[in-house]
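The structure under discussion appears below in the form of C-alpha cells.
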Amino acid sequence: MLVRDLMKKVLIIEDEVNFARFVELELKYERYAVTTVYDGKEGLALALREDFDIILLDVMLPGLNGFEVCQGIRAQKNTPIIMLTARDSVMDRVAGLDHGADDYLPKPFAIEELLARIRAIHRRLEPQEEVRIGLTFRDLSVDADSRTVMRGMQKIELTRREFDLLAIFMQNINRVLTRDVLLDSVWGFDTVVETNVVDVYVRYVRNKLDVPGEESYIQTLRGVGYVMR
C-alpha cells in the first residue's frame, strides 16, 4: 500500500449541518482537503466547475435530490461518488447505483468504514499505484507487469493473492503492517474473511521465499503485525 496523496480533494454535499461538519472534521484529520455545501443545486454546480477526487452525496437534499445531482455529474464527469443516506432499502441502493454512484453507505455508519470505502474506490481507479515496477529487497525482485518474483536467478511461483501480499510488503520496507491493514489492502474492506487469513497467506509466502537457516524475509511482531526488513 503506497502512501496516498495527502491532499486528495473531497466534496461533501449534505444538508444536515452537524453531520456534515462531523464528516468534514474526520476527513480533515485524515489529511483530506474538504469542501462542504448544503444544497443540491450548489453541489452540482461546484462538482461540475471544479475537480474533486471523490464526492460524498446525500440523497435528501434541497434544490435537487441526490439522485438528480448524481445523474447531472455523471453526464459530464466520472468523479467517484459515494451516496450517504438514512434510506437503506434495496430499491434506494439500486437507485443510487443506477444513477451512477460508485458506492452507497447507509447512515449511521462508522467513520472507519467510510474511510475504507474511499480507499477502496481509489485503489480500483488507480491500480497502477498498487504495485510499482522494479520493487527490490535483498535478493528479491518483483516485476509488476509480468507479475513475476525472482530470488536471485530463481523464479518463485506465487498465486495472485500471494503476489499481491508480497507486493504490499515490498512497497512498505521497514514499515510495520497490521493484519487489518493487510486484509484491507489485499482482500478489500468488505471481505467476509477473518484477519487470521493473513497469517495463513504470510505462511504460504514464507514457505516459498525463505531459505532454510536464513532469516525470514517477513518478520512477525507479536500482537502487532508483520514487517519486511
Side-chain angles (χ1 to χ4, degrees), residues 1-8 26-27 29-32 53-54 80 102-103 109-229:
M1 182 172 55
L2 299 178
V3 177
R4 64 150 197 255
D5 180 356
L6 295 181
M7 293 301 292
K8 284 188 179 297
E26 292 291 337
L27 290 175
Y29 179 78
E30 296 293 327
R31 308 291 296 274
Y32 288 95
D53 294 290
I54 198 158
D102 296 272
D103 203 351
F109 53 81
I111 195 67
E112 291 82 5
E113 182 175 4
L114 174 61
L115 293 171
R117 289 180 184 242
I118 291 173
R119 292 194 301 270
I121 285 177
H122 285 147
R123 282 200 304 273
R124 291 199 298 268
L125 295 178
E126 302 171 359
Q128 71 278 6
E129 293 186 4
E130 288 297 305
V131 178
R132 298 177 307 212
I133 295 175
L135 295 172
T136 59
F137 172 68
R138 285 164 48 181
D139 59 346
L140 290 179
S141 61
V142 169
D143 185 287
D145 289 336
S146 61
R147 294 182 68 84
T148 58
V149 178
M150 302 291 294
R151 187 181 62 211
M153 299 301 293
Q154 178 184 1
K155 184 177 180 180
I156 306 296
E157 296 292 344
L158 299 180
T159 66
R160 180 181 65 84
R161 195 79 73 181
E162 291 166 352
F163 179 91
D164 292 342
L165 181 61
L166 176 62
I168 293 297
F169 279 115
M170 294 190 67
Q171 291 165 5
N172 291 276
I173 300 299
N174 296 320
R175 185 190 301 271
V176 176
L177 302 175
T178 66
R179 289 170 177 82
D180 285 334
V181 166
L182 291 169
L183 192 68
D184 180 25
S185 301
V186 178
W187 283 265
F189 75 92
D190 56 353
T191 181
V192 296
V193 302
E194 301 294 334
T195 54
N196 61 5
V197 76
V198 173
D199 302 321
V200 173
Y201 272 82
V202 168
R203 185 169 69 250
Y204 290 161
V205 173
R206 280 172 168 166
N207 288 342
K208 294 183 178 182
L209 294 183
D210 289 352
V211 178
E214 296 185 9
E215 183 180 42
S216 177
Y217 291 93
I218 302 172
Q219 300 174 27
T220 302
L221 296 181
R222 294 193 180 279
V224 181
Y226 297 96
V227 61
M228 179 173 270
R229 63 186 178 196

Handout entry: Electrostatic pair R147-D164, nearest N-O below 4.0 angstrom
Key = yes
Practice task
Ignoring hydrogens and angles, tell me if any N or O in the side chain of T220 forms a donor-acceptor pair with the backbone of R222 under 3.5 Å.
Solution key: no
Exercise for the section: May I ask you to test the R206-Y226 pair for a side-chain heavy-atom distance under 4.5 Å? Expected result: yes
Fill in the blank from the handout: When rounded to the nearest 0.5 Å, the distance separating CE of M228 from CG of N172 is 10.5 Å
Exercise for the section: Find out whether D199 and R179 are in side-chain contact, i.e. whether some heavy atom of one side chain is under 4.5 Å from a heavy atom of the other. Expected result: yes
Handout entry: Non-hydrogen atoms of L209 and Y217 that approach each other most closely
Key = O-CE1, 3.4 Å
Exercise for the section: Keeping the roles fixed (side chain from N207, backbone from R203), state whether a donor-acceptor pair exists under 3.5 Å. Expected result: yes
Handout entry: Heavy-atom side-chain contact between V202 and F169 under 4.5 Å
Key = yes
Practice task
Check the pair V142 / F163 against side chain to side chain contact (heavy atoms under 4.5 Å, CB included), numbers first and verdict last.
Solution key: CA-CA 9 Å; V142 169; F163 179 91; 3.4 Å; yes
Exercise for the section: Report yes if some heavy atom in the side chain of R151 is under 4.5 Å from a heavy atom in the side chain of V149; otherwise report no. Expected result: no
Handout entry: Sole candidate of I168, I218, V227, L165 that passes side chain to side chain contact (heavy atoms under 4.5 Å, CB included) when paired with L177
Key = I168
Practice task
Supply the atom-to-atom distance D102 CG to I54 CD1, rounded to the nearest 0.5 angstrom.
Solution key: 7.5 Å
Exercise for the section: Drop me the distance from L27's CG to L115's CG, to the nearest 0.5 angstrom. Expected result: 6.0 Å
Exercise for the section: Rounded to the nearest 0.5 Å, what's the gap from CD on E112 to CG on D184? Could you check? Expected result: 12.0 Å
Problem - For M153 against M150, the heavy-atom pair lying closest together - result: O-CE, 3.3 Å
Handout entry: Side chains of Y201 and E162 in contact at under 4.5 Å (non-hydrogen atoms)
Key = yes
Fill in the blank from the handout: Nearest heavy-atom contact between P80 and D53 is CD-O, 3.3 Å
Problem - Between CZ on residue F137 and CG on residue N174, distance to nearest 0.5 Å - result: 7.0 Å
Practice task
Taking the side chain as every heavy atom from C-beta outward, state whether E30 and I118 have any pair of such atoms under 4.5 Å apart.
Solution key: no
Handout entry: Within-4.5 Å side-chain heavy-atom neighbours: K208 and T159
Key = yes
Exercise for the section: Check whether the side chains of D143 and T148 place a donor and an acceptor atom closer than 3.5 Å, and report yes or no. Expected result: no
